[in-house]
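This report refers to the structure that appears directly beneath it.
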Amino acid sequence: MFDLPIEGPALFSIPFGDIVDYASPYTLILFLFAALFTALAILSRPEQHADIIFGEDGVYTGRIPGPENRFQRFMAIACGLAAMGATVSGDIFNFCIFTSMVGLTCIGIVASSGNRHVLNAAFEYGIVTMIAMIPLFGGAAIVAATTGTLSIWELAGGAIAVPFVAKAFLVLGVMGEGMAPFYVAKAEITRAQGAPYILMIHVSSLLIFLRIIEIIITI
Amino acid sequence: MREREIREGHGSMVSRISRFISDFDNLVPAYALMIACVALIGLLTLPLLTYEPDQIYPKTLNPSSPLNPYDRGGAPFTAAEVHAQYPENAPYIGYVTGYLTPLSRFFAATTQYMGTTIVAHPGGIIDEILYYTRGLDTIVETSILFVAFAVASFLYRRREE
Amino acid sequence: MIQYILFALATGLLFHGIHRKLIARIQGRPGPPVWQEILHTLKFSFKQTWIPDTASEVHFVGVVLISIAIWILALGVVIYEGSVLLLFAIYLLHKIVEHGMGLSSGSPYAKFGAIRSVISAASELPLFVTILLIYYFTGSLMLSDIIQWQASNGPLIIPAFPAAVAMYLIILSKMHFGPFSIIEGKEIVSGNRTEHFGVWRAGLEAGFAIKTYVLLNAFVLIFLGSFSLPVLVLIMAVILMTLSFVCAYCPLLGPYDTVTVQSLVTGVLLAYIIILEVVL
Amino acid sequence: MQSRTGKKIAGTSLVIIILAELLPVAGMIPPWAGFILLVLSVPWFLLGLMLWWRAPGGESDLPFIGY
């Protein structure tokens with residue numbers, strides 16, 4: 001149990017062999033938040049998109065067809081689970097694979113959209129997600145090579161120096177996976193329908209971003 | 001000239017940058033530029049990085065073994081020397097170092113390339129470190145594959161309709 | 001404990017009123033009385049209320065509850081002098097609430113607000129650098145340690161002035177009528193709050209009031225130190241007034257201009273940190 | 001949504017709020033746990049109270065589309 005003046009004391013830990021997940025007040029709140037929004041995605045029905053027909057008084061409301069809806073919900077739940085894993089993971093490599101799963105499920109959520117503009121944005125975002133895996137896992141590999149370990153518990157407190165470039169690569173990787181730089185593609189992606197599911201894209205990316213801040217200050 | 005001004009704008013520096021980042025076609029170049037900058041810093045600081053010889057998962061490569069990259073030594077079901085970050089979480093560490101299914105034993109006996117097929121056929125090698133001390137990793141990795149297949153099959157089936 | 005919450009709620013609403021009044025005066029209008037926002041919230045809570053037909057109900061109501069809950073939690077962090085990191089995490093989670101609010105109703109205007117809320121998420125970049133700079137100087141992110149550090153070394157605003165500027169920018173980007181509040185630009189009606197009317201709107205106003213209180217309180221605690229309650233509220237009001245001046249004089253920026261400005265500020269701060277690292 | 005539901009929500013959460021105030025004083029739970037209870041109950045209390053005293057009537061409608 002480490003007690004650094006960053007996020008408060010570690011409350012409890014769940015060992016999975018060499019990967020020890022831990023909860024501090026900070027990561028616990030992030031985890032609960034991810035769980036809350038996953039529950040919202042499970043419980044709530046998608047909204048109907050209201051729009052006007054040009055030149056008339058009519059208003060139409062669009063509903064997502066069943067299969068699309070089911071797939072979006074499935075992906076949103078997977079995204080929530082990945083975000084939950086990333087928020088409490090106590091191992092850098094494990095965090096990285098949860099993060100890349102977040103990136104992939106985000107693409108899955110919008111994949112069912114029929115809107116060409118949204119799909120174009122999602123395509124660009126998907127390319128960034130794929131590129132981002134290089135700095136992400138590169139950062140983890142540099143950490144392993146220079147320190148000999150991957151466990152955040154061992155690295156915490158700055159007892160073992162983690163090189164700056166490894167941290168920079170990790171941040172860059174998370175930026176690519178979660179919140180593409182400058183948000184342009186993400187903003188276009190959120191035009192897709194299905195509020196509770198689309199919201200998971202935003203939730204997961206902000207949570208992994210918050211987690212990487214904690215990790216790079218801790219190690 | 002004028003056409004270019006209309007297309008690219010002639011506002012302040014801020015509005016020029018804004019215009020550039022508001023087009024998602026520029027997303028990949030912008031991100032690639034950021035990676036290139038950090039990679040450059042990485043290259044410049046490369047002499048400062050030192051390899052830590054005391055690795056958590058040490059490994060010696062034995063090119064003559066058919067299980068080459070995955071061979072941890074030792075006979076299956078007997079204790080072998082395997083490291084773990086938290087040995088207290090792994091009471092039975094080292095007891096299964098490389099279990100081969102009959103099919104993979106056949107491959108290992110006849111060819112040199114068993115190690116390359118580990119992800120390509122089921123029940124290849126149960127790598128002690130991979131599957132025992134870092135079990136969560138392997139679960140998430142397969143989940144990623146599963147999600148990727150789900151997205152791909154969904155898109156494929158939608159095109160069929 | 002509940003008295004803190006009610007106090008923060010009332011003070012925050014009063015701050016919003018002062019904010020509106022000051023902006024009006026600067027722009028040469030009489031403006032509403034300063035307690036207008038308190039009356040406003042009460043008025044909304046008495047109105048007829050329903051959930052739009054097209055909305056995703058659980059989600060629609062859920063975000064209102066979550067927005068109040070997270071800011072009460074943030075107030076708890078400030079009261080118990082917890083981690084600054086947690087405070088900033090809640091600030092980012094508020095983004096999700098804004099976003100969810102806009103998406104849940106099915107109204108196109110609310111959706112535009114939500115999309116702009118994603119764009120304006122760039123305000124988290126200065127936040128990141130602020131945290132790094134605070135940690136660089138104090139070696140701790142617990143509010144209690146930061147306050148203690150200031151008791152012996154003087155206000156943090158002097159060595160970490162750029163961080164204070166960045167956090168000021170963060171608070172500014174959450175103020176109503178400010179240059180960065182693109183999510184409530186009038187060309188998209190009321191942005192993401194378009195469909196949250198009546199009771200829902202009153203709940204949101206309550207959450208936002210606590211938010212303003214907490215952010216100003218955190219700014220004072222982090223950069224100036226600990227004060228007795230009346231002095232604290234006074235300093236917060238002064239900071240609020242400077243914010244009102246900025247809001248009254250600056251026009252609303254274009255959506256991507258806010259991103260550029262905030263990213264540039266982050267870049268300058270990062271350069272400052274690197275120079276600090278290299279020189280010191 | 002009925003105004004009676006609002007009354008029930010407000011009542012239940014008021015009980016939790018009072019418990020959250022009293023239990024830490026009695027030393028039965030630590031202060032932070034009391035605060036967590038407040039975080040969970042106050043939003044429900046506020047919304048419940050408002051739903052209870054709001055004006056009755058009104059039918060749900062489509063979102064606002066244009067002037």
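Each chain gets a letter, A, B and so on, in the order the sequences are listed, and its residues count up from 1.
- Near-neighbour residues of residues 25-33 of chain D relative to chain C, defined by a heavy atom under 4.5 Å from a heavy atom of that chain, comprise D:P31, D:W32.
- Looking at C:E57, neither its backbone nor its side chain comes within 4.5 Å of chain D, counting heavy atoms on both sides.
- Contacts of C:I79 with chain D are made by side-chain atoms alone, with heavy-atom separations under 4.5 Å and no backbone atom involved.
- Of residues 39-47 of chain D, those residues with a non-hydrogen atom less than 4.5 Å from any non-hydrogen atom of chain C are, in numerical order, D:V39, D:V42, D:P43, D:W44, D:L46, D:L47.
- Of all heavy-atom pairs spanning D:W53 and C:S45, the tightest one is NE1-OG, 3.0 Å.
- Annotation: residues 201-209 of chain C contacts chain D through C:A202, C:G203, C:A206 [non-hydrogen atoms, separation under 4.5 Å].
- Here the closest heavy-atom approach between residue C:V199 and residue D:R54 is recorded as CG2-CB, 3.9 Å.
- Taking CG of D:L38 as the start and CD1 of C:I72 as the end, the distance is 7.5 Å to the nearest 0.5 Å.
- Only the side chain of C:I5 comes within contact range of chain D, judged by heavy atoms closer than 4.5 Å.
- Looking only at heavy-atom pairs under 4.5 Å with chain D, the residue among C:A55, C:A69, C:P52 that has the most is C:A69.
- More than 12 heavy atoms of other shown residues, nucleotides or ligands fall within 6.0 angstrom of atom CZ in C:F44.
- Residues C:W200 and D:L51 form a side-chain contact, since some pair of their non-hydrogen atoms from C-beta on lies under 4.5 Å apart.
- By the side-chain contact (heavy atoms from CB on, under 4.5 Å) test, D:T12 pairs with no residue at all, sequence neighbours left out.
- Looking at C:Y80, the atoms closer than 4.5 Å to chain D (heavy atoms on both sides) all sit in the side chain, from C-beta outward.
- Around NZ of D:K8, the count of heavy atoms belonging to other residues, nucleotides or ligands within 6.0 Å does not exceed 12.
- The candidate from C:L73, C:I70, C:L65, C:L42 with the greatest count of non-hydrogen atom pairs under 4.5 Å with chain D is C:L65.
- The distance from the CE atom of D:M50 to the NZ atom of C:K47 is 14.0 Å, given to the nearest 0.5 Å.
- Annotation: C:Y4, atom OH; neighbour count of heavy atoms from other residues, nucleotides and ligands within 6.0 Å does not exceed 12.
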